[in-house]
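Here is the structure we will look at, set down as structure tokens.
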Amino acid sequence: MSTQRKQFPFPEFEPRWQQEWLATGAFRAPNPGGTGFDPAKPKYYILDMFPYPSGDGLHVGHVEGYTATDILARFHRMRGFNVLHPMGWDAFGLPAEQFAIKTGQHPRATTARNIENFRRQLQAVGFSYDWDREVSTTDPAYFRWTQWIFLQLYNSWFNPASKKTEPISTYTGADPDSVRLAYVAEMPVNWCPQLGTVLANEEVVDGKSEVGGFPVERRPLRQWMLRITAFAERLIEGLDGLDWPEGIKLLQKNWIGRSEGALVEFAIESTGDGIEVFTTRPDTLFGATYMILAPEHPLVEKISTPAQAAAVAEYKTAVASKSDLARTDLAKEKTGVPTGAFATNPANGERIPVWIADYVLMGYGTGAIMAVPAHDERDFEFAKKFALPIREVVQPPSPTEACFAGEGTAINSSFLDGLPTAEAKRRMVAWLEEKNLGRGTVNYKLRDWLFSRQRYWGEPFPIVWESGRHRPVCESELPVVQPDLDDFKPTGTPEPPLSKARDWIRYSATAGRETNTMPQWAGSCWYYLRFCDPQNSNRFIGPEADHYWMGKNSRPGGVDLYVGGTEHAVLHLLYARFWHKALFDLGHLSTPEPFQRLVNQGMILGPDGQKMSKSRGNVVTPDSVIAEYGADSLRLYEMFMGPLEQMKPWSMKGVEGVYRFLARVWRLAMEENQEGEWVVSKDLAETPLSSAQLRTAHATIKKVTADIEALAFNTAISQMMVFTNEFVNAAPRPLEALRILLPLLSPFAPHLAEELWHRLGFPGRASTQPWPKHDESLLVENEIELPVQVNGKLRDRIVVPKAATKEEIEAAAQAAPKVREATAGLTVAKTIVVPGKLVNIVAK
RNA sequence: GCCGGCGUGGCGAAAUGGCAGACGCAAGGGACUUAAAAUCCCUUUCCGCGAAAGUGGAGUGCGGGUUCGAGUCCCGCCGCCGGCACCA
């Protein structure tokens, strides 16, 4: 195949048009105030999730989403929109740093090389990006603003009264550092002693290092955190106004994990300490027969009795050595030890034992629970194992065995008895609040965002330390660029690699720079904003560009359509929404949400139906497909495979199918002469379309238009195939057919459309034609064929005039020979006539 | 375990509650050709009957239901894929 003559000369014209588009700036989108900006045009911002430029290059999975957005971008341009369709690089990150460690090359060099390759590959597919807007997260001119945004977070707090981000100056408390959106805390990192390095979460698989499979420990280290938890409620509420798949919204909601319940205070008998627990079932308080603290709970030591101190200490050590995974997944059997202390159940004054157990997590709620074994599976399991008392306080609606965790009627609960669960909860919370023993509250699973990494290849923090205190550097000092290190190797301690750059760290005689760097998520949190105004050196985004492209209007989201994989359904999209909301509150942005509409493309599997991976050897690259079949075939096949959102396997035979279709389109216009050269077909003529051809043509305009709008690209393509099949044997062949088809095809197969438009001598370019409009009156037929069913079974067909009345249709249907046969000896009970669809005769 | 999504020919798939399988792949047959490739035409859900044009029945993972009519809506299962997973 590769040595054989191509069915149409795409290797010649595809690169030529790509160069032409680049050279003429065909897809440049002017900003308000810029040359060529037309304020009358509506804007359309269509965004891809930008890639990490890996050394392996693009694979066909990337190309799927990018093709879909490119079709929409081109379609909207043809419909008169000012289209923002940018591309850039999420280029900080581990692989580049690891490659640097291995080869000694600076990550900046390898990153630049990978970007070159990615850009070349994307341009070879003919994507209509506005390359003047290209950004890379690793560019100091870009991450200057990433650091600037960090300073905005550092210098603000979330005011619970206004439920908004405010400058830290509005905070009147004693310790502003305790409320900043960016703050410092001791948090555990993944430390791998064998590798002598900290690991990112993505480098830890099943509690072991991805490289080498060594055990990973959790070790506390001073870390930067972002207070995303303050936005939990806003992040849930904001989802309502967005056009996202319901599944993704649900994923985010579950991740945030809102639950309503109560905080209840239990007093420790011996020390008098109050320990708060969080419960979603305050109605079961009378059934709380013991208490459990997380092993890391700060009061564990204090309350433990001397007799239990050794056992408690031993248990704590055992738990600490377990990784998070060992602690959760592998711990099938419940474990724990008594502290020897007792607490008082505030509801009934009962004396209950206090245990520690690792099934209670320090990171959720208060790190302490009241155990109600009769109505909680975990507490039940624990109580059975350690022979702790179990008391039923909820009557199930129908008798059940063992532990009942559902809703029912309160029993054995004094003033709650007889109340349904919901009402009992309310009553108990009111009682607790009245007695000052607790209060209703809302809890979230969401944790604050651990924002520092012990890495070289990331954004340095614009922070210096002096006398053990942090402070921001001046905005004028941005960007803070990493020093050029020759040695990127881990330090062998949890200290970040930047700690080796002694000169760089020294900020003044008494102050030193922060040596952690930001995580890869940082740069991708706001890149969609920079695309709107990439060259602005005064602001991260200018207000005019923000108002125009992010579209200050009734909808909350700015980007009109955002397409990418589900793997970012939670983290990236949540982080970006968080930053956006903070910046919005501070008055830097005009919309409360970044992405109005989100679509997830499905994964493309290898030809073997397995996930594509190097180790399986089933990776298909766009380069190889383009070499054999051309960029247009690649694009068309990516879209023809099936619905965008669906997972589907690659098939080279399928590529050949669309390649043959494109060749047929080519031959609608071209034929080979004696010398084997392509010349405009002699069958072409300025001849009117037959009425059947007109109908097909206008049906095609209608369907392709509707299908693109619905992102149903596969069916749009089949309709264009139908069109082509209709005309391929027509002689003479109306030129008008190509005037209609080529603009429709242009978003899908832009090179071929451009080339044929040019060769046929039509004015302008296919890609800049106004989008064709269909004429509905040409679609109606004078006579229509209707299927006739008898008792729901197809029996015959009748042909009736378009304008036939129901009565006429009914009469014609009953007169049809097969229908008479089928209804012989039966009485017609009812006849359903659906105009334009069918007739159903119900007979008994 | 909980929460999502998906089950339609040999394969990728299509079908506002209204003719199931458009379009494409593959397979088989034919035309063109010295031959092949390419191209073009025809056939192809399954099971009967018929020499044939035809013709009868079944059929969208399984079992029920709603409806004149269900791939589509409802209830209950089964299978695959994805996410979360001791979250009190």
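Just so it is clear: chains get the letters A, B, ... in the order the sequence lines come, proteins before strands, and each one is counted from 1.
Atom CD in Gln252(A) sits about 13 Å away from atom P in C84(B), given to the nearest Å. The interatomic distance linking Asp707(A) (CG) with C23(B) (C1') rounds to 12 Å, in whole Å. Look at CD on Glu821(A): it is 13 Å from C1' on G54(B), rounded to the nearest Å. His568(A) places its NE2 atom 15 Å from the C1' atom of G83(B), with the value rounded to the nearest Å. Between Phe661(A) atom CZ and C40(B) atom P the separation is 13 Å, expressed in whole Å. Between the CD1 atom of Ile717(A) and the P atom of C25(B) there is a distance of 13 Å, rounded to whole Å. Following rounding to the nearest Å, Ile809(A) (CD1) and C19(B) (P) show an atom-to-atom distance of 16 Å. The nearest whole Å value for the distance from the CD atom in Glu567(A) to the C1' atom in C84(B) is 17 Å.
Among the protein residues, Thr566(A) comes within range of no part of the nucleic acid, since none of its heavy atoms lies under 4.0 Å from any strand. Within 4.0 Å (heavy atoms only), Arg447(A) reaches at least one base atom of the nucleic acid. At a threshold of 4.0 angstrom between heavy atoms, the contacts of Arg797(A) include nucleobase atoms, whether or not backbone atoms are also involved. Residue contacts shown for Lys818(A) are limited to sugar-phosphate atoms, with no base heavy atom under 4.0 Å away. Using a 4.0 Å heavy-atom distance criterion, Asn729(A) is classed as a sugar-phosphate-only contact.
If you take atom P in U60(B) and the same atom in C11(B), they sit 16 Å apart, rounded to whole Å. When the P atom is compared between C2(B) and G76(B), the two are found 14 Å apart, to the nearest whole Å. Comparing the P positions of C47(B) and C84(B) gives an interatomic distance of 46 Å, to the nearest angstrom. For A20(B) and G29(B), the P atoms lie 31 Å apart once the distance is rounded to whole Å. A gap of 15 Å separates the C1' atoms of G61(B) and G9(B), to the nearest Å. Nucleotides A52(B) and G59(B), compared at atom C1', are 26 Å apart to the nearest Å. Taking the C1' atoms as reference points, G57(B) lies 15 Å from G50(B), given to the whole Å. Atom name C1', nucleotides U8(B) and A15(B): the rounded distance is 11 Å, in whole Å.
Residue Asn725(A) has a polar side-chain atom (N or O) positioned under 4.0 Å from OP1 or OP2 of G24(B). Of the side-chain N and O atoms in Arg664(A), none sit less than 4.0 angstrom from OP1 or OP2 of C23(B).
Residues Tyr659(A) and Phe8(A) bring their aromatic ring centres within 6.0 Å. Aromatic rings of Phe382(A) and Tyr290(A) (six-membered ring for Trp) have centroids within the 6.0 Å cut-off, being under it.
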Can you give me the N/O atom pairs linking the protein to nucleotides 58-60 of chain B at distances under 3.5 Å, or say none if there are none?
none

For nucleotides 26-31 of chain B, tabulate all protein N/O to nucleotide N/O atom pairs closer than 3.5 Å, reporting atom names and distance.
| from | atom 1 | to | atom 2 | distance (Å) |
| --- | --- | --- | --- | --- |
| A26(B) | OP2 | Arg660(A) | NH2 | 3.2 |

| field | Under 4.0 Å protein heavy-atom contacts per nucleotide of nucleotides 64-74 of chain B, with B for base, S for backbone only and - for none | value | ----BS-----
| query | Which nucleotides of nucleotides 1-17 of chain B have their base under 4.0 Å from a protein heavy atom (B), which only their sugar-phosphate (S), and which neither (-), written as one string 5' to 3'? | reply | --SS-------BSS-B-
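Checking Thr421(A) against Glu407(A) by side-chain atom types alone, no donor-acceptor pair falls below 3.5 Å. Neither side chain, Tyr444(A) nor Ser259(A), offers a donor N or O lying under 3.5 Å from an acceptor on the other. Side-chain atoms of Asp379(A) and Tyr359(A) include a donor-acceptor pair closer than 3.5 Å. Residues Arg447(A) and Thr229(A) have side chains that never bring a donor and an acceptor to within less than 3.5 angstrom of each other. In this structure, a donor-acceptor pair under 3.5 Å is present between the side chains of Asp707(A) and Thr715(A). Using modelled atom types and a 3.5 Å distance limit, the side chains of Thr696(A) and Glu726(A) yield a donor-acceptor pair.
Annotation: the span from Ile708(A) atom CD1 to Met639(A) atom CE amounts to 11.5 Å, rounded to 0.5 Å. Rounded to the nearest 0.5 Å, atoms NZ (Lys611(A)) and CG (Asn618(A)) are 11.0 Å apart.
Heavy-atom nearest nucleotides on RNA chain B were determined for Arg667(A) and for Asp376(A), and the one closer to the 5' end corresponds to Arg667(A). Both Val839(A) and Gly657(A) lie close to RNA chain B; mapped to their nearest nucleotides by heavy-atom distance, the more 5′-ward contact belongs to Val839(A).
Listed by first then second residue, pairs satisfying side chain to side chain donor-acceptor pair (under 3.5 Å) with a partner in residues 637-647 of chain A number zero, not counting sequence neighbours.
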| message | Trp666(A) vs Trp678(A), test: ring-ring contact (aromatic ring centres under 6.0 Å, His included). Steps then yes/no. | response | CA-CA 10 Å; Trp666(A) 177 262; Trp678(A) 287 108; 5.8 Å; yes
| request: Quick one: do Glu821(A) and Asp796(A) satisfy side-chain contact (heavy atoms from CB on, under 4.5 Å)? Show the steps, please. | output: CA-CA 10 Å; Glu821(A) 215 173 283; Asp796(A) 209 341; over 6 Å; no
| Please walk me through it: do Arg258(A) and Glu233(A) pass salt bridge (charged side-chain N to carboxylate O under 4.0 Å, His left out)? | CA-CA 8 Å; Arg258(A) 181 185 201 274; Glu233(A) 201 61 48; 3.1 Å; yes
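In this structure, Asn254(A) contributes its side chain and Gly257(A) its backbone to no donor-acceptor pair below 3.5 Å. In this structure, the side chain of His375(A) engages the main chain of Val393(A) through a donor-acceptor pair within 3.5 Å. For the pair Asn840(A) (side chain) and Gly792(A) (backbone), a donor-acceptor distance under 3.5 Å is present.
Glycosidic conformation of G9(B): syn, with the torsion inside 90° of 0.
Within a 6.0 Å radius of NZ in Lys682(A), no more than 12 heavy atoms belonging to other residues, nucleotides or ligands are found.
By the 4.5 Å heavy-atom criterion applied to side chains, Leu263(A) and Thr366(A) are counted as neighbours.
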| message | Both atom distances under 3.5 Å, Watson-Crick or G-U wobble: I'd like the secondary structure of RNA chain B as a dot-bracket string, with | for pairs made across strands. | response | (((((((..(((.....[....)))((((((.......))))))(((((....)))))..(((((..]....))))))))))))....
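Out of C40(B), A88(B), A22(B), the shortest distance to the side chain of Thr280(A) is found at A88(B).
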